[in-house]
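All values derive from a computational prediction rather than experimental measurement.
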Amino acid sequence: MSPAAPSPSSPLLDWRVRFGALALIWGFSFLFIKVGTEGFAPFQVTFGRLLFGTAVLAAAIAVKRDRLPRGARVWGHLAVAAFLLNALPFSLFAYAELTIPSTLAGICNATTPLWGMVLSLVALSEDRPTRVRAAGLGIGFVGVLTVLGAWQGFSGLDVTGTALALLASFSYAVGWIYVRRTLSGTGVSNLSLAGSQVGLATLQLAVVTPLFTTVPESVELLPLLSVVALGALGTGYAMLLQYGVVAEVGPTTASMVTYFIPVIATAAGVALLDERLTWNTPVGALVVLAGAALTQTRASRRAAPPTTTVPQPAAAPAGTPPRAASRA
């Protein structure tokens, strides 16, 4: 299933403008999570995010008169994808940001391509490693250690929160491999598959959230607006932007948004949340991104077998072709 062909009429906004908006929305998602957890429990933040994201995507499906997927097998695979790409990583990032800054969460999110390469060694034959990609994995690992301040014994680092953020990124990588192996060739549009996936994740959180949380005694405006923005913009509208960019310039160019997200997340956290920034955070982030970029290189110029995926709705979320960004 390929992205829908662009409309014959010219888009209202140049793809570069939409690309920039996409990077901003996904970069700010980590700030929205942080602010949201100041007024709601992590599961409530995730449920609200998915609910508002589903509303936007459902409206788009209705406007385009897209048909929903058919068959129990497809819906079963979508339920697993919803857990791995939405319900689980979104919840893990929300819990992580209770104890770690949004800047660190954004950088941990950028490790998804590194996890993806590790998993591809055994899961995807078309992604066998080359020397360059193996070097990229090593460089990315050094970058992660730099961000975490390994030479200081990880002093001042909340290990649990950081582990949760890294586990969320790992879940994205697992989810993408699962989607590539199970949801290719369904004949259903990316928009319909993604909207159905996010809707299933909303149902999963609707079951889990009441079991582990209680209704807030009061609702503060700023956390509420953050959750609405996180869902409607970061999980709904951003996906629609992404479809247009991928259809117009292709997944390779669209995937470059990956390298802007941690930069924007860091800038937003420092400027708006007064989060402390030491030298090793931006330096390590650049090393992580360099390593991630190398892991995405192809072994040769031979055409790769066609693959299809559901764009990952996100931070990084969940979000995107296999080599595109992951968002919180």
Side-chain angles (χ1 to χ4, degrees), residues 21-63 78 81-98 102 105-106 109 168 171-172 175 190-210 212-213 215-216 219-243 257 261 264-265 268 310-320 325-328:
L22 191 58
L24 283 172
I25 291 172
W26 277 333
F28 268 83
S29 291
F30 298 95
L31 180 146
F32 292 147
I33 293 172
K34 190 72 171 180
V35 176
T37 55
E38 293 176 358
F40 300 97
F43 276 136
Q44 293 170 343
V45 171
T46 303
F47 175 66
R49 173 183 189 172
L50 290 167
L51 183 64
F52 289 112
T54 298
V56 172
L57 293 171
I61 291 172
V63 169
L78 281 172
F83 177 75
L84 293 173
L85 290 174
N86 303 113
L88 179 60
F90 288 2
S91 299
L92 289 173
F93 272 120
Y95 270 101
E97 291 200 41
L98 291 176
S102 64
N109 182 76
S171 181
Y172 282 142
N190 280 333
L191 175 59
S192 181
L193 283 173
S196 301
Q197 176 185 306
V198 177
L200 288 171
T202 304
L203 292 177
Q204 292 170 0
L205 262 294
V207 173
V208 172
T209 301
F212 295 94
T213 66
V215 178
V219 176
E220 299 180 21
L221 181 60
L222 192 56
L224 176 60
L225 292 177
S226 293
V227 172
V228 173
L230 183 63
L233 293 178
T235 308
Y237 181 62
M239 291 184 65
L240 301 179
L241 282 176
Q242 182 194 31
Y243 292 134
V257 72
I261 293 173
I264 294 171
V310 182
Q312 174 190 324
T320 309
S326 61
R327 277 71 49 190

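With sequence neighbours excluded, the residues forming a side chain to side chain contact (heavy atoms under 4.5 Å, CB included) with L200 are W75, L78, A79, A82, L203, listed by chain and number. When the side chain to side chain contact (heavy atoms under 4.5 Å, CB included) test is applied to A55, no partner is found at least two apart in sequence or on another chain. Listed by chain and residue number, F43 satisfy the ring-ring contact (aromatic ring centres under 6.0 Å, His included) test with Y95 (two or more places apart in sequence, or in another chain). For A168, the side chain to side chain contact (heavy atoms under 4.5 Å, CB included) criterion is met by P89, L92, F93, not counting sequence neighbours. Partners of S226 by side-chain hydrogen bond (donor to acceptor under 3.5 Å, both in side chains), not counting sequence neighbours: none found. Qualifying side chain to side chain contact (heavy atoms under 4.5 Å, CB included) partners for L225, counting only residues two or more places apart in sequence or in other chains: L221.
Of the inter-residue distances, the one linking F30 atom CZ with I264 atom CD1 reads 11.0 Å to the nearest 0.5 angstrom. With rounding to the nearest 0.5 angstrom, the CG atom of L24 is 11.0 Å from the CG atom of L241. Atom CD1 of residue I33 and atom CD of residue E97 lie 5.0 Å apart, to the nearest 0.5 angstrom. Note that the CG atom of L31 and the OG atom of S102 stand 5.5 Å from one another [nearest 0.5 Å]. For the atom pair CZ of F28 and CD1 of I261, the computed distance is 13.0 Å after rounding to the nearest 0.5 Å. Atom OG1 in T37 sits 13.5 Å away from atom CZ in F32 (nearest 0.5 Å).
Heavy atoms only, all atoms of each residue included: Q44 and T209 are closest at CG-CG2, 3.9 Å. Here the closest heavy-atom approach between residue G236 and residue L57 is recorded as O-CD2, 3.9 Å. Closest of all the heavy-atom pairs between S192 and I61 is CA-CD1, 4.0 Å. N86 and Q197 get closest at one heavy-atom pair: OD1-NE2, 2.7 Å. Listed here is the closest heavy atom pair of T46 and S91: OG1-CA, 3.3 Å. Scanning all heavy atoms of the two residues, the minimum distance from L98 to P42 falls at CD1-CG, 3.6 Å.
A donor-acceptor pair under 3.5 Å is formed between the side chain of S171 and the backbone N or O of L84.
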Problem set entry | Chi angles and distances behind the side-chain contact (heavy atoms from CB on, under 4.5 Å) call for N109, W26 | CA-CA 11 Å; N109 182 76; W26 277 333; over 6 Å; no
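Between I25 and the options T235, V257, L233, a side chain to side chain contact (heavy atoms under 4.5 Å, CB included) holds for only L233.
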